Amino acid sequence: MIELDCISRVYHMGGETLRALDSVSEKVLPGEFVALIGPSGSGKSTLLNVIGCLDRPTDGVYSLEGHAVDGFSDDELSRIRRDTFGFIFQSYHLIPRLSAQANVEVPMVFAGVPKAERARRSAEALAAVGLSERAKHRPAELSGGQRQRVAIARATILAPRILLADEPTGNLDSAAGAQVLALLDKLHGQGLTLIMVTHDPKVAARAERVLLLEDGRVAKRLTGAQLAAAGEGPSGR
Amino acid sequence: MSPRDTFRFAAGALLRHRLRSLLSLTGVTIGVAAVVLLTALGEGALRYVAGQFEAIGSNLLIVIPGKVETTGGLPGIGGAPNDLTQADATALGAALPTVLRAVPVAVGTDTVSNRERRRQVLILGTTEGLLPARQLTMNRGRFLPPLDEGRGAPVAVLGSTVAQELFPGQDPVGKPIRVGDSRLRVIGVLDSKGTQMGIAVDEVVMVPTPTAMALFNRSSLFRIVLQLAGPGLGEVTEERVLAIMAERHGEEDVTVLTQDSVVGALSGILLALTIALAAIAAVSLSVAGIGIMNVMLVSVSERTSEVGLLKALGAQNRQVLAVFLTEAVLLSGSGGLLGLCLGFLLGRGFTWKWPDFPLAAPPWAIAAAFTTSLVVGAVFGVLPARRATALDPIAAMSRR
Ligand SMILES: Nc1ncnc2c1ncn2[C@@H]1O[C@H](COP(=O)(O)OP(=O)(O)OP(=O)(O)O)[C@@H](O)[C@H]1O
Ligand SMILES: [Mg+2]
C-alpha cells in the first residue's frame, strides 16, 4: 500500500521556490488502477517519481507497505525500486547499444539472475508483448510502439507489484497506443497496481480512480466512470 | 551481479563507443610506449657513458696539464700551466717502478687524403705503448714505433673506418697519405673497436707524438697515459707522479685522473641525466593520464542519464561503479599492455638500427608506466561515476 501524507516537492531555482507538489495526501491500495491527469506542469510526473522512489519529497511522509521511505539508504531504495516497482517512461529510456532482448535483461543482470534464466525469461516477456521477431533489434531499429512494448517487457521482467507509467502512449499513434493500453490492462488484470499519468481523458476513464492535479495539489478525485460520463475531462495542453 | 556480467556490460559499452575507446586506448598506448622508449634511451645513454669511462681501465692513470681543485668538476682550461712534454713522459716511465709504460698523447684534427679521397679526422700523436694500454689490436701491418724524442717518423696507423674510406678494397699498408701539408706512409691498420673514452677509435689516424706536435705546431701534450704494473697501485703512483712533476716544473701544475676520479667528476652529470629521465617519464605518464581522464570524464558525463536509468531499474551504486571501474581498467590496462608492446617493438627496431647503443628500459619505468596507467584509469573512471551515482535517479536521468 502507498500512503502519501502531506507530500511536497519544492524546487529552488535562484531566489525563487517552485512547489511542484504541494501537500499531497493520498492512498493507493494494492491492485488499484489510478490515473493522474492535469494540465502540463501540474506535478503529475513529479508525483509519479516520488512514488517510485526516483525522487525524494522535500516534506511530508511517504510510506510504502508500512515503512517510511525517507529512512532508507540509496542502496535500500535501489532494492525497493528493483523489487517493488516497474517503470514505463514517456520517452522509453532504452539503452541504445543493447538489443531489445538485452534491454529487457538489464534489471535481471543487476539483480543477479543467471544468464540462461535471463535468456529464457526475456524471450518469454518479449513474446508476451508480441516482439519475439524483434529480439535482436536495437531500439533505433524499432518503431515507437515497439520500443514502448520493449519498455513494458523490461518494467515487468522482475515481477513488480506496482507499475508506474508516465504517459506511456504520449508519443504513440492511436493504434500503437491501443496495443500498449491493452497490455497494461492485461497486467492490471493479473493483479498489478497501476498508476498512470495521461493527458487523454479516454485513457484515464479506464482507471478505477482518477486524480486531477492542479498546481501541485489534488484538485479533484473522480472515478473512471464519472470521468467517462462527463464526456470530456479536464485536460492540459 | 556476477563479475562476468559486470565485465560483459562494461565491455559492451566500450565496444559500442568504439571511436572514444580507440582514442583513449591510443592515448594510453602512446604514453606508456613513450615512457618505455624514452627511459630506455636515457638508461642506455647512462650505461653508454658509464661504459666509456669504465673503458679507461682501473690500471690506468691519466696525467693532464693544469691544476684542478679537488672538487672542481672536470679539468678545464684554467691558468697557464707549463707544457706537458715527451720528456715528462719519459721521466715518469723511468722514475716509477709501479708504472709499466708512460704513453704521451697529442691530439688535433686535420684532413687526411689519398689522392682525391679525403676526410676530416681526429689525429692522435702517440707511441707504441698505447696499443697495450688501450687494449687495441692490429688488423694488419704494425703499430707506431717506441717513444721517439727526435723529429718523428713520417708514418701513420689508420682506424678501420678511415682505412676503408681512403682505400676501399685495397691494402693501405705501404701506401702514402697526406695529412695537412705532410706526406706520411701507412704502416698499419687497427682492428675495429668502436668508441672508447669519447674517441671513435675506428675513425682516427695515429702518428708518432713528435709528428703530431709538429703537424699542429703544439708544444704541450694533450695527456700522458700511465699503465700501472698491477691493481691497487693508483694512489701511491698518483702521489709520486705529482711529486715528480712538481720537481720537474717547479710547481704542482698537473692533474692526475683515475677511473674513480673521472667517474666521480661525472657522477653529477649522470645524476642530472637520471633526473631528466625521471622527469621525461613523469611528463609522458601525465600526458597519458590526462588522456584517460578526459575520456572517462566525457564518457561518464555523457552517460549520467544511463547511470540514472540503471539505478531506476534497481542497480545499486556499487554495481554501477563496478561497471565503470571495469571499463576504465579494461581500457587503461589494455592500452598499457599495448604501450609496453609498442615500446619494446620500437626498441627492437632501434637496436637493430644502432646495435652499439645499449638500449635498456629500466624495470622501474616499465612497472611505473603500467601501474600509473591502471591507477589513473581507475581513479578517473570511478570519480566521475561516483558523482553520477550520488544523484537521485530522476535527476541523473534528466541530465543530457
Ligand atoms: N528538475 C527540476 N527543476 C526545477 N523545476 C522542475 C524540475 N522538474 C520539474 N520542475 C517543475 O515542477 C513542475 C511540475 O513538473 P512536472 O514534470 O511534474 O509536470 P507534469 O505535470 O508532469 O507536466 P507535463 O504534463 O508537461 O509532463 C513544473 O513547473 C516544472 O517546471
Ligand atoms: Mg510529465
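These numbers come from a predicted model, not from an experiment.
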What distance do A:S91 atom OG and B:M397 atom CE have between them, rounded to the nearest 0.5 Å?
-> 7.0 Å
A:D75 side chain vs B:N317 backbone, donor-acceptor pair below 3.5 Å =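 Yes: the side chain of A:D75 pairs with the backbone of B:N317.
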Please lay out, stage by stage, how A:L158 and B:L313 fare under the test side chain to side chain contact (heavy atoms under 4.5 Å, CB included).
-> CA-CA 10 Å; A:L158 289 176; B:L313 297 178; over 6 Å; no
Show your reasoning for whether side chain to side chain contact (heavy atoms under 4.5 Å, CB included) applies to B:R8 and A:K115.
-> CA-CA 11 Å; B:R8 230 180 260 132; A:K115 192 165 190 273; 3.3 Å; yes
What part of B:L310 lies closer than 4.5 angstrom to a heavy atom of chain A: side chain, backbone, both or neither?
-> side chain
Flag yes if more than 12 heavy atoms outside A:R121 fall under 6.0 Å of its CZ atom; otherwise flag no.
->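 Above 12, so yes.
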So which of A:R154, A:R97, A:R79, A:R82 has the biggest tally of heavy-atom pairs under 4.5 Å with chain B?
-> A:R97
Under 6.0 Å from the CG atom of A:D215, do we count more than 12 heavy atoms belonging to anything else shown?
->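 Count not over threshold, so no.
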More than 12 heavy atoms of other groups within 6.0 Å of B:F350 CZ = yes
Tell me, for A:I157 versus chain B, whether the close heavy atoms (under 4.5 Å) come from the side chain, the backbone, both or neither.
-> neither
Which bit of A:V109 is near chain B, if near means a heavy-atom gap under 4.5 Å: side chain, backbone, both or neither?
-> both
How many angstroms lie between atom CG of A:D74 and atom OG1 of B:T389, to the nearest 0.5 angstrom?
-> 7.5 Å
Any idea which heavy atoms bring A:V113 and B:D5 closest together, and the distance?
-> O-OD2, 4.4 Å
A:Q190 atom CD, neighbour heavy-atom count above 12 within 6.0 Å = yes
Any chance CZ of B:R387 has more than 12 other-residue heavy atoms, nucleotides or ligands included, within less than 6.0 Å?
->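 Counting other residues, nucleotides and ligands, CZ of B:R387 stays at 12 neighbours or fewer.
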Roughly how far apart are B:Q316 CD and A:E76 CD, rounded to 0.5 Å?
->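 Between atom CD of B:Q316 and atom CD of A:E76 there are 9.5 Å.
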What part of A:N49 lies closer than 4.5 angstrom to a heavy atom of chain B: side chain, backbone, both or neither?
->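 When you check distances to chain B, only side chain atoms of A:N49 fall under 4.5 Å.
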Residue among B:G12, B:A13, B:S2 with most heavy-atom pairs under 4.5 Å to chain A | B:A13
Closest heavy-atom contact between A:F110 and B:A315?
-> CD2-CB, 3.4 Å
Just by distance, do the side chain of A:R81 and the backbone of B:K311 share a donor-acceptor pair under 3.5 Å?
-> yes
Closest non-hydrogen atom pair, A:L54 against B:A312 = CD2-CB, 3.4 Å
If one checks every heavy atom of A:F89 against chain B at 4.5 Å, the contacting part turns out to be side chain
